[in-house]
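What follows is a short report on a single structure.
Keep in mind that this is a model prediction, so the values were computed, not measured. When a ligand or atom number is given, it counts from 1 through the structure's own listing order. Nothing fancy with the numbering, it's 1 onward along the sequence.
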Amino acid sequence: MNRILVLGACGQIGSELTMELRKRYGNNSVVATGHRTKPSEKLHDSGPFEFADILDRESVERVITKHDVDTIYNMAAILSARGEQNPQLAFRVNVLGLYNMLELGREHNLERIMVPSSIAAFGPGTPKVNTPNETLMRPTTMYGVNKVTGELLGNYYFQKYGLDVRGVRYPGIISSGTLPGGGTTDYAVEIYYEALRKKSYTCYLREDTVLPLMYMPDAIEGIIKLAEADVSKLKRHCDYNINSMSLSVGELAASIKKFIPEFVCEYKPNFRQTIADSWPKSLDDSAAREEWGWQPKYSLEAMTKDMLTKLSRKLNKG
Ligand code: SER
């Protein structure tokens with residue numbers, strides 16, 4: 001039986017991942033940890049919650065020992081846009097924090113550590129369309145540099161110590177639960193909120209900016225599926241491309257307009273445009289499909305319908 005620790009459980013992905021893991025493995029088998037953010041009532045009341053800081057190794061070690069943890073999902077990160085505003089903090093959290101977790105994994109003989117990477121691991125010189133799993137990786141953001149480092153470190157710990165570290169390269173994730181923070185792809189969530197609230201949105205990227213995006217249920221199903229995959233079938237460890245939708249901001253806006261005809265989207269690019277322009281538009285995910293059965297379910301239309309339904313409910317309540 002897995003005893004799972006989710007780091008960054010109050011964040012955009014961590015919060016929904018924790019609830020799904022609790023549903024699958026039992027509430028008490030999944031310990032949620034946050035750094036400073038107060039957990040939602042749902043997260044706090046549905047299972048164990050602890051405060052811990054990945055930069056303070058002992059604080060995580062105490063949780064591992066107290067709850068007899070054997071698996072970590074490390075969802076704590078400083079994303080790309082915030083990372084450009086504070087590269088030193090990004091390096092500490094994304095690299096030194098991960099290093100601490102890998103060392104704890106080695107010392108405590110943990111069964112598995114899941115560490116998401118990102119499309120940000122690629123750079124302007126990488127082929128942009130159907131980007132291969134194995135290709136030129138020279139990112140130009142601190143977040144991207146950190147993510148490549150994380151992939152290499154995870155692969156190293158696997159080969160050197162037999163620590164089972166695994167990860168997918170996430171695209172921009174769209175979700176209706178916890179808001180994302182500090183990312184370049186945050187627009188893809190904000191646009192839905194503003195469409196419902198104000199019927200208009202001003203995007204900080206150009207209309208023709210195409211990026212890989214994914215709906216949260218697919219993102220969660222993907223990482224859990226990889227965690228559960230038979231290790232003998234895996235030819236890679238921390239660097240699986242996974243792809244779902246490849247969309248321009250204009251196409252995303254048009255899909256919302258089908259449901260909210262008055263919706264108007266305007267474009268005022270800022271520094272995040274340069275970051276977005278350095279990333280791929282779509283990824284070749286054949287290795288993930290072949291080795292562990294990656295298969296996203298949501299289309300753009302199904303996602304937009306679901307987002308608008310869930311957010312309308314949420315905004316009407318609040
Ligand atoms: N969503 C992330 C970001 O925008 C990409 O991994 O930074």
Side-chain angles (χ1 to χ4, degrees), residues 8 10-17 73-87 89-91 93-95 97-98 114-124 126 128 131 133 137 139-151 154 167-193 203-206 209-216 218-220 222-223 226 238-249 252 269-283 285 288 296 303 307:
C10 297
Q12 185 198 12
I13 305 179
S15 54
E16 295 200 35
L17 174 67
Y73 280 74
N74 181 16
M75 314 309 284
I78 302 291
L79 298 184
S80 58
R82 190 159 169 231
E84 288 316 290
Q85 280 148 357
N86 195 342
L89 177 69
F91 181 83
V93 172
N94 299 338
V95 179
L98 172 62
M114 300 303 294
V115 186
S117 184
S118 160
I119 51 167
F122 299 110
T126 304
K128 291 218 179 298
T131 302
N133 221 112
M137 307 197 67
T140 44
T141 61
M142 180 49 110
Y143 177 64
V145 170
N146 299 163
K147 285 295 169 188
V148 177
T149 309
E151 290 183 6
V168 291
R169 291 177 178 143
Y170 273 140
I173 309 291
I174 297 175
S175 67
S176 58
T178 309
L179 281 169
T184 298
T185 56
D186 294 6
Y187 70 91
V189 177
E190 289 165 6
I191 194 170
Y192 285 99
Y193 280 86
C203 185
Y204 52 77
L205 298 182
R206 280 191 325 266
T209 311
V210 177
L211 284 170
L213 299 171
M214 182 179 291
Y215 198 32
M216 184 65 92
D218 283 328
I220 288 180
I223 197 164
L226 174 60
C238 301
D239 49 8
Y240 281 101
N241 281 357
I242 53 172
N243 199 60
S244 171
M245 301 165 212
S246 173
L247 297 174
S248 68
V249 189
L252 187 61
N270 70 12
F271 75 101
R272 284 178 277 197
Q273 185 69 53
T274 317
I275 303 179
D277 288 342
S278 75
W279 291 351
K281 296 179 196 297
S282 61
L283 306 177
D285 59 3
M303 172 177 75
M307 276 294 281

Counting heavy atoms only, which part of Tyr187 comes closer than 4.0 Å to ligand 1: side chain, backbone, both or neither?
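Within the 4.0 Å criterion, Tyr187 makes no contact with ligand 1.
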What protein heavy atom lies closest to [atom]? Include the residue and the distance to one decimal.
atom	value
atom 1 (N) of ligand 1	Thr185 OG1, 2.8 Å
atom 6 (O) of ligand 1	Ser118 OG, 2.6 Å
atom 4 (O) of ligand 1	Thr184 N, 2.6 Å

Could you say whether the N/O atoms of Asp186 and ligand 1 ever approach to under 3.5 Å?
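There is no such contact.
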Under 3.5 Å, N or O to N or O, is Ser80 touching ligand 1 that way?
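N/O-N/O distance below 3.5 Å exists for this pair.
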What I want to check is whether the side chains of Thr178 and Gln12 have a donor and an acceptor closer together than 3.5 Å.
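Absent: no donor and acceptor within the cut-off.
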Leu205 backbone acceptor or donor facing Thr209 side chain under 3.5 Å:
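It does not hold such a pair.
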I'd like to know if the side chain of Lys147 reaches the main chain of Ile119, judged simply by a donor and an acceptor atom lying under 3.5 Å from each other, with no hydrogens or angles considered.
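Checking the backbone N and O of Ile119 against the side chain of Lys147, no donor-acceptor pair under 3.5 Å is found.
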Tell me, please, which residues at least two apart from Asp218 pass salt bridge (Lys or Arg N to Asp or Glu O under 4.0 Å).
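With neighbours one apart ignored, the set is empty.
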List in chain and number order the residues that pass side-chain hydrogen bond (donor to acceptor under 3.5 Å, both in side chains) with Glu16, two or more places apart in sequence or in another chain; answer none if no residue qualifies.
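Glu16 satisfies side-chain hydrogen bond (donor to acceptor under 3.5 Å, both in side chains) with no residue once adjacent residues are dropped.
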With atoms numbered from 1 as shown, which atoms in ligand 1 lie under 4.0 angstrom from a non-hydrogen atom of Leu79?
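Near Leu79, meaning under 4.0 Å from one of its heavy atoms, ligand 1 has 7 (O).
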Say you draw a straight line from CE of Met214 to CD1 of Ile242; how long is it, rounded to the nearest 0.5 Å?
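Answer rounded to 0.5 Å: 4.0 Å.
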